[in-house]
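Below is one structure, written out as structure tokens; the observations come after it.
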Amino acid sequence: MKKQRPVNLDLSTIKMHAAANASILHRVSGVIMVFAIGILLWTLSLSLSSAEGFSQIETLLSGVFFKIIILGTLSALIYHLLGGIRHLMMDLGYFEELASGNATAKFVIALWLVLTIVVGVKLW
Amino acid sequence: MKQIFSIYRYNPDVDNKPYMKDYELEIPEGSDMMVLDALTLLKQKDPTLSFRRSCREGVCGSDGMNINGKNGLGCITPLSAVAAKKIVLRPLPGLPVIRDLVIDMTQFYNQYEKIRPYLINDGKNPPAREHLQSIEEREKLDGLYECILCACCSSSCPSFWWNPDKFIGPAGLLHAYRFLIDSRDTATEERLEDLQDAYSVFRCHGIMNCVDVCPKGLNPTKAIGHIKSMLLTRAV
């Protein structure tokens, strides 16, 4: 064998079902939260530093850009929580069949979208 | 009816990289055939097309492939079930391609070998004749022993894609559980010890692609869940 063998792993050609999407979203939301913690800690430390810092954060938070960041963070948190509970249930032996696993995945994703909209409405 | 196929082609002797090639097949109106039948007909037109097949009835597990984005056996997947204008056939994902739809399954078999897929009995209580099992004990093997090692599940598993050398994969773990709960096997403790690390079993994150694609309708996710419970019970 002269050449390195190719590997067929073009993710755009591979179909993912609901349970797989639920699992991937759980991972993605986890990564988003890791970055979000940095931003949140920065706002916390600035708001605690002085009265000026606090008012600075207040004006920041009323801006659209920061609201989007907060919404994204809360949305990731909501999904990670819901998806995490689903995975914990699976660890306990529930919803491990294809039909039930997909049903809970769709339920979690739907609930997440609804809650994200609710949070969005509250923020604005 | 004209059915279009788009097939992954790679011949290491002439191609520098894989490419997709389109084929057309005339299928008599009102008739159906399996994906493998269509491939065989296409091979008559283009003899360079390579794929594995043997029993052509879903028993040998040779013709696992990615059919329109989902792994399955070509021989038991009817064209009507795929029902697409263009049927895309690609080799099983994540494993090195030898040629066209033929993949190198070494990594897959290595993982299978690791779980020692055979009955281990210390022979301390040798039976007069054979090892007898009660009906209940035998029933525990149902849904596990049917696996034909076609690799559809492991090659659909993201955890296996990223760690094919360390994660046993759904197929291997299904077999591992099959021997863990076999009443005749006495090596349960050693088997669990071998699976104790962070990768072998615990890379499974319940994605369930394995259950989604298994052509035999088996449930590796559930079997892995049982192994996780056994490992946990053992640790506490």
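Below, read A as the first sequence line, B as the second, and so on, with proteins coming before strands; counting in each chain starts at 1.
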Pairwise distance OG1(A:Thr13) to CG(B:Asn66) - rounded to 0.5 angstrom: 6.0 Å

Search all heavy atoms of B:Ile207 against all heavy atoms of A:Ser23 and return the closest pair with its distance. CG1-OG, 3.2 Å

Of the backbone (N, CA, C, O) and the side chain (C-beta and beyond), which part of B:Pro91 lies under 4.5 Å from a heavy atom of chain A, both, or neither? both

Looking at B:Asn219, B:Asn71, B:Ile103, which makes the most heavy-atom pairs under 4.5 Å with chain A? B:Asn219

Is the CZ atom of A:Phe107 crowded by more than 12 outside heavy atoms at less than 6.0 Å? no

Gap separating the CE atom of B:Met208 from the CD atom of A:Glu97, nearest 0.5 angstrom: 7.0 Å

A:His26 side chain reached by B:His205 side chain, heavy atoms, under 4.5 Å: no

Which of the residues B:Val97, B:Ile224, B:Val211 is involved in the greatest number of heavy-atom pairs with chain A at under 4.5 angstrom? B:Val97

Interface moiety of B:Leu232 toward chain A, non-hydrogen atoms closer than 4.5 Å: neither

Side chain, backbone, both or neither: which part of A:Phe95 has a non-hydrogen atom closer than 4.5 Å to chain B? backbone

Examine whether an atom of A:Leu11 lies under 4.5 Å from a heavy atom of chain B, and if so say whether it belongs to the side chain, the backbone or both; otherwise answer neither. side chain

A side-chain contact here means heavy atoms from C-beta on lying under 4.5 Å apart; do A:His17 and B:Lys70 qualify? no

More than 12 heavy atoms of other residues, nucleotides or ligands under 6.0 Å from NZ of B:Lys86: yes or no? no

Would you indicate whether B:Lys140, at its atom NZ, is surrounded by more than 12 heavy atoms from other residues, nucleotides or ligands within a distance under 6.0 Å? no

Near A:Phe65 CZ, under 6.0 Å, is it more than 12 heavy atoms from other residues, nucleotides or ligands? no

So does B:Arg191 have more than 12 non-hydrogen atoms from other groups sitting under 6.0 Å from CZ? yes

Nearest 0.5 Å, what's the CG-CD1 distance between B:Asn209 and A:Ile24? 7.5 Å

Tightest non-hydrogen contact, residues B:Asp104 and A:Arg5, listed as OD2-NH1, 3.2 Å

Below 4.5 Å from any heavy atom of chain A, which atoms of B:Lys222 appear? Answer side chain, backbone, both or neither. both

Heavy-atom distance under 4.5 Å between the side chains of A:Val7 and B:Leu95, does that happen here? no

Just give me the residue among A:Leu92, A:Asp10, A:Leu9, A:Asn21 that pairs up with chain B most often, heavy atom to heavy atom, under 4.5 Å. A:Leu9

Determine whether A:Ile14 and B:Arg90 make a side-chain contact, defined as any pair of heavy atoms from C-beta on separated by less than 4.5 Å. no

Taking all non-hydrogen atoms of both residues, which atom of A:Met90 and which atom of B:Thr221 are closest, and how far apart? CE-CG2, 4.4 Å

Is it the case that more than 12 heavy atoms not belonging to B:Arg234 sit under 6.0 Å from its CZ atom? yes

